[in-house]
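Residue numbers begin at 1 in each chain, while the letters A, B, ... track the order of the sequences.
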2 protein chains.
Amino acid sequence: MLYTVGEMAKKLDMPTSTLRYYDKEGLLPFVERSGGGMRMFRDEDIEWLKVIGCLKKAGMKLTDIKRFIEMAMAGDETISQRLDLIAAQRKEVEAQIQAMNQTLATLKFKEWYYTTAKQDGSTDRVRNMPSEQIPPEFWQVRAELKGDTVNQSK
Amino acid sequence: MLYTVGEMAKKLDMPTSTLRYYDKEGLLPFVERSGGGMRMFRDEDIEWLKVIGCLKKAGMKLTDIKRFIEMAMAGDETISQRLDLIAAQRKEVEAQIQAMNQTLATLKFKEWYYTTAKQDGSTDRVRNMPSEQIPPEFWQVRAELKGDTVNQSK
DNA sequence: GTACAAGTTGAAGTTAACTTCAAGTCAATG
DNA sequence: CATTGACTTGAAGTTAACTTCAACTTGTAC
């Protein structure tokens, strides 16, 4: 089955302009052309585009994704490099998730903070609250926000 | 304790240009000025800057962060709005973490894929491998990449 | 009081990843 | 074979969040 750029865009739920842009940037060396010069996507190209989407979500720049695609086009001699790149990116994403969890912890503290303040009708009490009155799961986050040093695990 | 923009930048490990930019954009209405017009940061401003950093990591735009800061400056009447904003952002971050985990799953599949291909010296076998020979934890991800419909839990 | 590092401002430049536009071509339909 | 909607291209425009620059001022150290 062959698809025009518009059909492929609909399948992947993205604008045609993005597909054309990716092609222009060299990310889609696998798309063929009709006699009249139109892009013809194959079914298996969907998988490539989904991989591109994954790498993008992982935070890779288009130029780096391009290099990955070029490696893949080069064939089996690049398998090891591709593995390295994917493994590095996996570690990257794991680090990002860790960072996001830290951000989440801070937001949860702030949510508790404003929930408490809302009950009081004022931030006065919660702002100056001593640690003993604060749920333990927030101790770490609050200390970091305030710049206090806190007991390190050791 | 008072700090100049340079001292504060060092404390927060960010360029002075960013602090000045944030100030220009109205994110730092709390910084005072010396007689000669220099920004004087207080210790408690560090906390505000860390909160701004948290909201930025959470994916908020500077204009929205500005609105939050303005609310905080307005005082206790805005507690409820601030709570709503933080709670919404917390949900946002939870969704982002979920999405990141999906991306991670795809990368892990790809890592297995290229590890297998590397052992074979070719992608041929793994590319056409039937599901039975693939570790079950990758079935879902591979099916989504290929666009296959897979058994939904129901 | 002079040097000089560090501060100030407004304006312009940068970057990535698109999007929009204009002018023209292709292909399916009746 | 004419219409029309979807396609083509290169070029220019957009956006957010900064960074850099130039010209000038402030504050501290000697």
Side-chain angles (χ1 to χ4, degrees), chain A residues 1-42 45 48-69 89 92 96 99 103, chain B residues 1-42 45 48-69 89 92 96 99 103:
Chain A
M1 183 78 187
L2 292 171
Y3 310 91
T4 64
V5 72
E7 286 158 354
M8 190 48 103
K10 191 163 279 178
K11 244 182 194 310
L12 296 167
D13 192 32
M14 52 161 60
T16 56
S17 60
T18 305
L19 283 172
R20 292 206 190 93
Y21 172 68
Y22 285 0
D23 193 18
K24 184 158 61 174
E25 293 300 299
L27 272 79
L28 316 180
F30 45 80
V31 289
E32 290 165 46
R33 296 297 181 119
S34 76
M38 289 183 166
R39 289 175 189 83
M40 299 308 294
F41 292 79
R42 307 190 148 276
D45 298 343
W48 281 117
L49 286 162
K50 284 187 179 168
V51 170
I52 289 171
C54 171
L55 294 176
K56 230 171 60 76
K57 282 185 208 154
M60 271 181 80
K61 289 188 193 165
L62 295 190
T63 53
D64 295 329
I65 296 174
K66 180 184 172 179
R67 253 179 266 136
F68 175 77
I69 297 286
Q89 208 57 41
E92 253 291 301
Q96 285 174 40
T103 299
Chain B
M1 184 79 186
L2 291 171
Y3 309 92
T4 65
V5 72
E7 287 158 355
M8 190 49 107
K10 192 163 279 180
K11 243 185 196 306
L12 295 166
D13 191 33
M14 50 160 61
T16 57
S17 59
T18 305
L19 282 172
R20 292 206 188 93
Y21 171 68
Y22 285 0
D23 193 19
K24 183 158 63 174
E25 293 301 300
L27 271 79
L28 316 180
F30 44 81
V31 289
E32 289 164 46
R33 297 297 181 118
S34 75
M38 288 184 168
R39 290 174 188 83
M40 300 308 293
F41 292 79
R42 310 191 144 276
D45 297 345
W48 281 118
L49 285 162
K50 285 187 179 167
V51 170
I52 288 171
C54 170
L55 294 176
K56 231 172 58 76
K57 283 185 209 153
M60 269 181 81
K61 289 186 191 165
L62 295 190
T63 53
D64 294 330
I65 296 174
K66 180 185 171 179
R67 253 180 266 136
F68 175 76
I69 298 286
Q89 208 57 41
E92 254 290 301
Q96 285 174 41
T103 298

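Considering only side-chain N and O atoms, Thr4(A) lies under 4.0 angstrom from the phosphate OP1 or OP2 of dC7(D). A sub-4.0 Å separation between OP1 or OP2 of dT8(C) and a side-chain N or O of Arg39(B) is present. For the pair Arg33(B) and dT9(C), the criterion of a side-chain N or O lying under 4.0 Å from OP1 or OP2 is met.
Looking at residues two or more places apart in sequence or on another chain, you find no side chain to side chain contact (heavy atoms under 4.5 Å, CB included) involving Lys10(B). Under the side chain to side chain contact (heavy atoms under 4.5 Å, CB included) criterion, Lys11(A) pairs with Tyr3(A), Met8(A), Ile46(A), not counting sequence neighbours. By the side chain to side chain contact (heavy atoms under 4.5 Å, CB included) test, Arg42(B) is found to be paired with Leu2(B), Glu32(B), Glu44(B), Asp45(B), residues two or more places apart in sequence or in another chain being considered. Contacts of Ser34(B) classified as side chain to side chain contact (heavy atoms under 4.5 Å, CB included), with partners at least two apart in sequence or in another chain: Met38(B), Met40(B).
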Donor-acceptor pairs under 3.5 Å, side chain of residues 57-66 of chain A to any protein atom, not counting sequence neighbours: which ones?
residue	atom	partner	partner atom	Å
Asp64(A)	OD1	Arg67(A)	NH1	3.2
Asp64(A)	OD1	Arg67(A)	NH2	3.1

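Atom pair Glu25(B):CD and dA11(C):P shows a separation of 14 Å (rounding to whole Å applied). Between Asp23(B) atom CG and dG7(C) atom C1' the separation is 13 Å, expressed in whole Å. Rounded to an integer number of Å, the gap from Leu28(B) CG to dT8(C) P is 12 Å. Note: OH (Tyr3(A)) to P (dA6(D)) measures 18 Å, nearest angstrom.
DNA chain C is contacted by no residue of residues 5-13 of chain A, taking any non-hydrogen atom closer than 4.0 Å.
By the 4.5 Å heavy-atom criterion applied to side chains, Gln89(B) and Phe68(B) are not counted as neighbours. Between Ile69(A) and Val51(A), every side-chain heavy-atom pair lies at or beyond the 4.5 Å cut-off.
Within 4.0 Å (heavy atoms only), Arg20(A) reaches at least one base atom of the nucleic acid.
Listed by first and then second residue, the salt bridge (charged side-chain N to carboxylate O under 4.0 Å, His left out) pairs that reach into residues 14-30 of chain B are Asp23(B)-Arg33(B), Asp23(B)-Arg39(B), sequence neighbours excluded.
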A correct 5'-to-3' footprint of nucleotides 17-30 of chain C, with B, S and - meaning base, sugar-phosphate only and no protein heavy atom under 4.0 Å, is BBBB-----SS---
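Between Trp48(A) and Phe30(A), the ring planes lie parallel to each other; the angle is under 30°, not in the 30° to 60° tilted range.
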